[in-house]
Every structure is written in C-alpha cells, then in structure tokens.
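What follows is a set of notes on a single structure, which appears directly below.
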Amino acid sequence: MPEILDASFPDYVVAGLEEVAREQGFTEGLYRFESESGSNMGDGFVGQLLKVFIRQEGRELVVLCKLLPENELRKQQGVPLFDRESQAYMEIVPQLLKFQRERAIPEGLPRFNNVPRCYYAKTNVDRRESVIIMEDLRLQAFRMWDKANPVNFEHARLLMLTLGRLHALSFAMKDQQPEEFAPCREFSDPMCQMLEQDPTNGFEKMMAGMCRRAIDTLEQHDTFRREKLEKIQNRCAQEIIACVDGKAAEPYAIIGHGDCWSNNMMFQYEEDDKTPKTIKLIDWQLSRYGSPVLDLVYFIFNCTDEELRSHSYQRLLSIYYNSLSEHLHNLGGNIERQFPRSAFRDQLKQFGRYGLLMSMMVLPIICTPNDELPDTDAAMEGFMNEMQNGNNDVELVYGTTEKAAIRYKKRMSGCIRDAVRFGYL
C-alpha cells in the first residue's frame with residue numbers, strides 16, 4: 001500500500017491512482033502519493049482539482065485529479081456531468097481518435113489531437129463518486145486565456161481550425177463506420193437529462209431572470225430588439241432544449257465539445273509568448289451529439305466581442321468550414337456530399353440563437369473578476385432554497401459588482417445586437 005500524505009483521499013480516488021501507478025510502471029510498495037490543490041479560484045465551477053505526485057525513488061509523475069464538489073447539493077447536480085466526462089474521455093474520444101489513426105493520414109498533415117491525456121476516469125452515479133485523472137498541461141507551458149477579456153483573432157482562429165478537425169472525425173466515421181459510430185448517437189445533451197429531474201422548474205425560472213437582465217442591457221428606446229427578446233423570455237429553457245436536440249440536426253449531427261468557452265481550453269505559445277500555437281480542449285462535461293454550429297456560436301458569442309465579430313465573424317466561420325472540409329477529405333470523406341455550405345448556413349439559421357441563449361448564462365460569470373466571484377456553494381444553495389420556497393425572481397449572483405456590471409452590459413448588449421444582425425433571433 002503506497003504512503004498517502006493526504007489522509008482525505010477517498011478509497012475510490014486511491015483505487016484510480018493505484019491503477020495509474022501500475023500502468024505507468026511504478027513498483028508496488030515503493031511508490032507514494034503526495035498532493036496539493038490543483039486550481040486557482042474561479043478556474044472550475046463544477047468540481048475541485050487536486051494535483052497529485054506519484055513518486056518513487058528517482059521518478060515522479062504529476063497528475064491532476066478532478067473530483068466532485070464536497071457540497072452535497074452541487075455533488076448531486078455534478079454527478080451526471082462527471083459521468084458524461086468520464087464517458088467522453090474513456091470511450092467516445094478514444095473511438096474517434098482510433099478511427100483517425102486507422103485512416104493513415106500522410107505524415108505532416110494536421111490531425112485532431114487537442115485533448116489532454118486522460119489516465120483514468122470512473123463515475124459511480126448511485127454512490128455519487130467520481131474521479132478523472134489526467135495530465136497536468138501546465139507542465140508543458142499550457143495556460144488559460146484570462147476569461148475576463150474577449151479573445152483576440154489569433155486565439156479564435158486556432159479554435160476554429162481545431163473544431164473543424166474534431167467535427168470532421170464524426171462526419172467521416174458516421175459515413176464510413178456507421179455501426180461503430182452508433183454509440184455516439186446516444187450521446188444526448190446531459191443538461192437536458194438534468195432538467196428532466198428538476199421538479200421545481202428552477203432552470204426555466206433562472207433563464208427567464210437572466211433573459212430579463214439581458215434585455216436591461218439594451219437602451220430603453222431600442223424597442224425592436226427588446227421585443228424580440230421579450231418573445232422568448234419565458235421559453236429560453238425550451239429554446240435551449242430545441243437547439244441541443246441531435247435528431248433535429250440530422251443528418252449533420254456530430255460529437256461536439258459542448259462547453260466551448262475560454263476556461264475550457266488551454267494554449268501553448270510561440271517564443272513571443274503571445275501567439276498561440278497549440279490548443280487543448282478540456283472539461284468535456286457537456287459533450288454531446290448535436291449540430292456542429294453549437295460549439296461555434298457558443299464560443300464566438302461568449303468569448304469574442306462585438307468589435308471582433310464586426311470584421312471577423314464570417315471569416316472565422318470560413319476558417320472552421322475550410323478546416324472541416326480539408327480534414328474530412330484527408331479522412332476519406334467529401335464535404336460537398338456530407339456537409340455542403342448551404343447546409344452549414346441552414347444549421348446556423350436553425351441553431352445560431354444558441355450562442356445568445358448560452359451567453360445569458362455564461363457572460364455574468366465571464367464578466368466577474370475571479371477575486372469577486374461569490375462562493376459557488378453558498379450561491380447555489382441560496383438559489384435552490386429560494387426556488388423551493390416559490391421565489392421565482394431569484395437570480396444567481398454573478399456579474400453584479402460595479403466592474404462586472406459595466407463589462408456585462410457592454411458584452412451582452414453586443415451579443416443581442418449581433419444575434420439580431422445575423423438573423424438568429
């Protein structure tokens with residue numbers, strides 16, 4: 001039994017770490033585990049990160065353990081998401097990468113390999129236990145973009161190239177190996193599964209409140225846009241559910257990342273320390289089978305600003321589409337047959353509003369500086385208690401400080417103007 005310097009390790013975490021140690025060639029009885037906290041305030045909203053050192057004389061492996069929150073209410077909400085991420089890392093993504101390897105793409109051509117290495121992931125839904133053990137990308141000089149700032153064109157461009165290759169894997173495999181791809185079709189949206197178990201309709205009420213708040217970022221005289229939003233105010237939750245329906249996106253549905261905002265990606269930089277050269281997509285807790293445009297509009301509406309979209313929105317969509325086309329071709333597929341540009345435009349028209357709907361939820365968090373974030377446990381607990389007591393006007397308290405409110409007003413009103421300008425609302 002290895003020496004554990006942190007006595008608070010639950011048994012299921014120890015079991016996972018022991019399996020990783022064995023697989024990585026550490027000698028039973030000679031290695032030990034040591035741990036420290038693995039994240040900064042505001043980095044993760046659905047779980048806690050623990051940095052663990054597996055040490056044996058002359059050798060060390062550093063891993064990150066992602067664990068459920070300790071708060072019981074958040075643990076209950078988090079289990080389905082951890083279950084989804086475990087499946088994504090252990091089953092779905094490896095299946096897509098295996099397909100890519102088997103296609104024997106010529107050396108030098110780009111591939112999708114933008115996922116951290118996951119050593120072990122296991123979730124027991126009934127017992128509310130979960131651990132995901134992966135490499136610590138910071139050791140390879142990967143870092144996050146500061147979520148408070150809109151990303152610049154170079155960062156957005158790199159993500160579009162990457163999403164094009166990720167989505168191409170589904171298009172190609174679905175076409176060439178339909179039986180092997182079949183389990184991917186069952187990867188429905190995990191948030192919808194959670195909403196089905198929400199007897200208080202708390203999410204629906206929360207979204208109505210967030211939509212009201214979004215409307216308030218518009219000028220009083222902007223009646224045209226206000227009225228457009230008011231029409232969906234009380235059905236935002238249903239609109240989201242309609243957008244993430246994989247069947248509605250057929251025959252173009254793919255496996256997407258599902259939670260494409262700046263805290264869920266890490267970048268490695270050129271020598272100038274400014275130009276991103278590599279990206280890894282982390283946090284696959286909302287990965288799903290759905291429209292390819294969901295990842296695009298979620299990212300662009302939440303992580304870029306109105307100014308960048310004014311000159312680069314169509315350009316970013318073209319970068320994505322060309323990357324998808326090229327990688328699909330390299331995998332033996334054909335973009336004209338499998339996802340013609342007209343279909344891409346139709347998907348944007350049908351599902352593009354998803355970017356705005358998610359920004360109502362995500363922008364308050366993005367616009368709140370990390371040192372001003374409320375205690376997530378207390379915020380969720382207060383919110384759920386108010387809901388259960390029949391208070392429908394309660395909101396999650398993000399983005400309410402003066403600095404955050406100014407940022408939020410500018411970013412949110414810009415999202416609304418663009419959603420209307422692009423014809424999504």
Side-chain angles (χ1 to χ4, degrees), residues 96 100 109-115 142 144-145 147 149-172 249 252-270 274-284 286-288 290-331 333 335 338-341 343-349 351-352 354-356 358-359 362 366 415 418-419 422 424:
L96 292 171
Q100 181 176 245
L109 291 179
R111 290 159 173 71
F112 177 80
N113 58 358
N114 307 85
V115 190
F142 278 91
M144 280 181 186
W145 176 269
K147 72 176 171 67
N149 300 317
V151 301
N152 60 25
F153 178 77
E154 281 307 311
H155 287 76
R157 175 183 169 276
L158 185 55
L159 179 69
M160 292 299 118
L161 288 168
T162 303
L163 290 176
R165 291 173 200 142
L166 168 62
H167 296 172
L169 294 176
S170 287
F171 276 113
Y252 307 113
I254 48 87
I255 292 290
H257 176 272
D259 201 7
C260 264
W261 68 292
S262 40
N263 263 31
N264 291 341
M265 48 198 74
M266 294 181 79
F267 297 93
Q268 216 180 34
Y269 290 86
E270 302 283 4
K274 287 184 194 152
T275 312
K277 62 176 182 181
T278 316
I279 182 174
K280 296 277 184 183
L281 301 178
I282 59 175
D283 280 2
W284 290 69
L286 291 178
S287 54
R288 69 168 86 83
S291 171
V293 306
L294 300 181
D295 281 344
L296 311 184
V297 293
Y298 185 7
F299 172 78
I300 294 174
F301 274 79
N302 280 298
C303 302
T304 69
D305 60 7
E306 193 174 14
E307 187 197 351
L308 187 134
R309 291 190 296 270
S310 70
H311 53 73
S312 295
Y313 183 66
Q314 294 302 333
R315 194 172 158 204
L316 288 172
L317 295 180
S318 289
I319 288 166
Y320 161 80
Y321 188 79
N322 292 337
S323 170
L324 169 60
S325 171
E326 183 187 324
H327 199 47
L328 185 56
H329 173 77
N330 293 339
L331 293 164
I335 193 84
Q338 292 175 259
F339 192 40
R341 206 174 278 269
F344 182 35
R345 281 195 295 269
D346 290 344
Q347 293 270 309
L348 282 163
K349 196 164 282 185
F351 301 109
Y354 180 74
L356 175 66
M358 293 309 287
S359 66
V362 179
I366 287 177
C415 283
D418 282 346
F422 301 143
Y424 300 159

Worksheet item: To the nearest 0.5 Å, what is the distance between CG (Leu169) and CG (Leu324)?
Response: 10.0 Å

Response to the item:
Closest non-hydrogen atoms of Gly258 and Tyr298, given as atom of the first, atom of the second and distance, are O-CE2, 3.4 Å

Discussion item. So, taking the atom named CG in Asn152 and the one named SG in Cys303, what distance separates them when rounded to the nearest 0.5 Å?
Written reply: 12.0 Å

Discussion item. Treating Ser325 as the side-chain partner and Ile335 as the backbone partner, does any N or O pair qualify as donor plus acceptor under 3.5 Å?
Written reply: no

Discussion item. Holding to ring-ring contact (aromatic ring centres under 6.0 Å, His included), I want the full list of residues that pass it with Phe153, two or more places apart in sequence or in another chain.
Written reply: none

Worksheet item: Can you check whether Leu294 reaches Arg288 side chain to side chain, under 4.5 Å on heavy atoms?
Response: yes

Worksheet item: So which heavy atom on Ser323 is nearest to which on Gly164, and how close?
Response: OG-CA, 3.8 Å

Worksheet item: What's the verdict on side-chain contact (heavy atoms from CB on, under 4.5 Å) for Tyr313 and Ile300, showing C-alpha distance, side-chain angles and the deciding distance?
Response: CA-CA 8 Å; Tyr313 183 66; Ile300 294 174; 3.6 Å; yes

Item to complete: Report the residues that fulfil side-chain contact (heavy atoms from CB on, under 4.5 Å) with Asn149, sequence neighbours left out, ordered by chain and then residue number.
Response: Trp145, Asp146

Item to complete: Not counting sequence neighbours, which residues clear ring-ring contact (aromatic ring centres under 6.0 Å, His included) with Phe171? List them please.
Response: Phe339

Item to complete: Ignoring hydrogens and angles, tell me if any N or O in the side chain of Lys349 forms a donor-acceptor pair with the backbone of Phe344 under 3.5 Å.
Response: no

Worksheet item: Does any donor atom in the side chain of His327 or Asn330 lie under 3.5 Å from an acceptor atom in the other side chain?
Response: no

Worksheet item: Which heavy-atom pair separates Ala419 from Leu356 by the least distance, and what is that distance?
Response: CB-CD2, 3.8 Å

Item to complete: Please tell me if the side chains of Leu159 and Tyr320 come closer than 4.5 Å, counting only heavy atoms from C-beta onward.
Response: no

Worksheet item: Say you draw a straight line from CE of Met265 to NZ of Lys280; how long is it, rounded to the nearest 0.5 Å?
Response: 14.0 Å

Response to the item:
Closest non-hydrogen atoms of Leu331 and Ala168, given as atom of the first, atom of the second and distance, are CD1-O, 3.8 Å

Worksheet entry | Heavy-atom closest pair, residues Gln347 and Ser291 | OE1-OG, 2.6 Å

Item to complete: Would you indicate whether the side-chain heavy atoms of Arg157 and Pro276 approach each other to under 4.5 Å?
Response: no

Worksheet item: Taking the side chain as C-beta and beyond, is there a heavy-atom pair between Val362 and Phe301 under 4.5 Å?
Response: no

Worksheet item: Centres of the Tyr269 and His155 rings: under 6.0 Å?
Response: yes

Discussion item. Looking at Asn114 and Leu281, would you say the former's side chain and the latter's main chain have a donor-acceptor pair under 3.5 Å?
Written reply: no

Discussion item. Tell me whether Asn264 contacts the main-chain N or O of Asp259 through its side chain, where contact means a donor paired with an acceptor under 3.5 Å.
Written reply: yes

Practice prompt. Give, for atom CE of Met266 and atom CD1 of Ile279, the distance between the pair rounded to the nearest 0.5 Å.
Written response: 11.0 Å

Discussion item. Consider side-chain contact (heavy atoms from CB on, under 4.5 Å). Of Leu158, Ile319, Asp295, which one does Leu163 pass it with?
Written reply: Asp295

Practice prompt. Assess whether side-chain hydrogen bond (donor to acceptor under 3.5 Å, both in side chains) is satisfied between Asp418 and Tyr424, documenting all intermediate values.
Written response: CA-CA 9 Å; Asp418 282 346; Tyr424 300 159; over 6 Å; no

Response to the item:
To the nearest 0.5 Å, atom CG of Leu161 lies from atom CG of Leu316 at 9.5 Å

Worksheet item: If only atom types and distance count, is the side chain of Gln100 paired as donor or acceptor with the main-chain N or O of Arg111 below 3.5 Å?
Response: no

Worksheet item: Is the closest side-chain heavy-atom distance between Phe142 and Thr278 below 4.5 Å?
Response: yes

Worksheet item: Quick one: CZ on Phe299 to NE2 on His257, what's the gap to the nearest 0.5 Å?
Response: 11.5 Å

Worksheet item: For residues Thr275 and Glu270, is any side-chain donor paired with an opposing acceptor at under 3.5 Å?
Response: no

Worksheet item: Which atom names give the shortest non-hydrogen contact between Lys147 and Ile366, and what distance separates them?
Response: O-CG2, 3.1 Å

Discussion item. Please determine whether side-chain contact (heavy atoms from CB on, under 4.5 Å) holds for the pair Met160 and Ser318, giving the CA-CA distance in whole Å, both sets of side-chain angles, and the decisive distance to 0.1 Å.
Written reply: CA-CA 9 Å; Met160 292 299 118; Ser318 289; over 6 Å; no

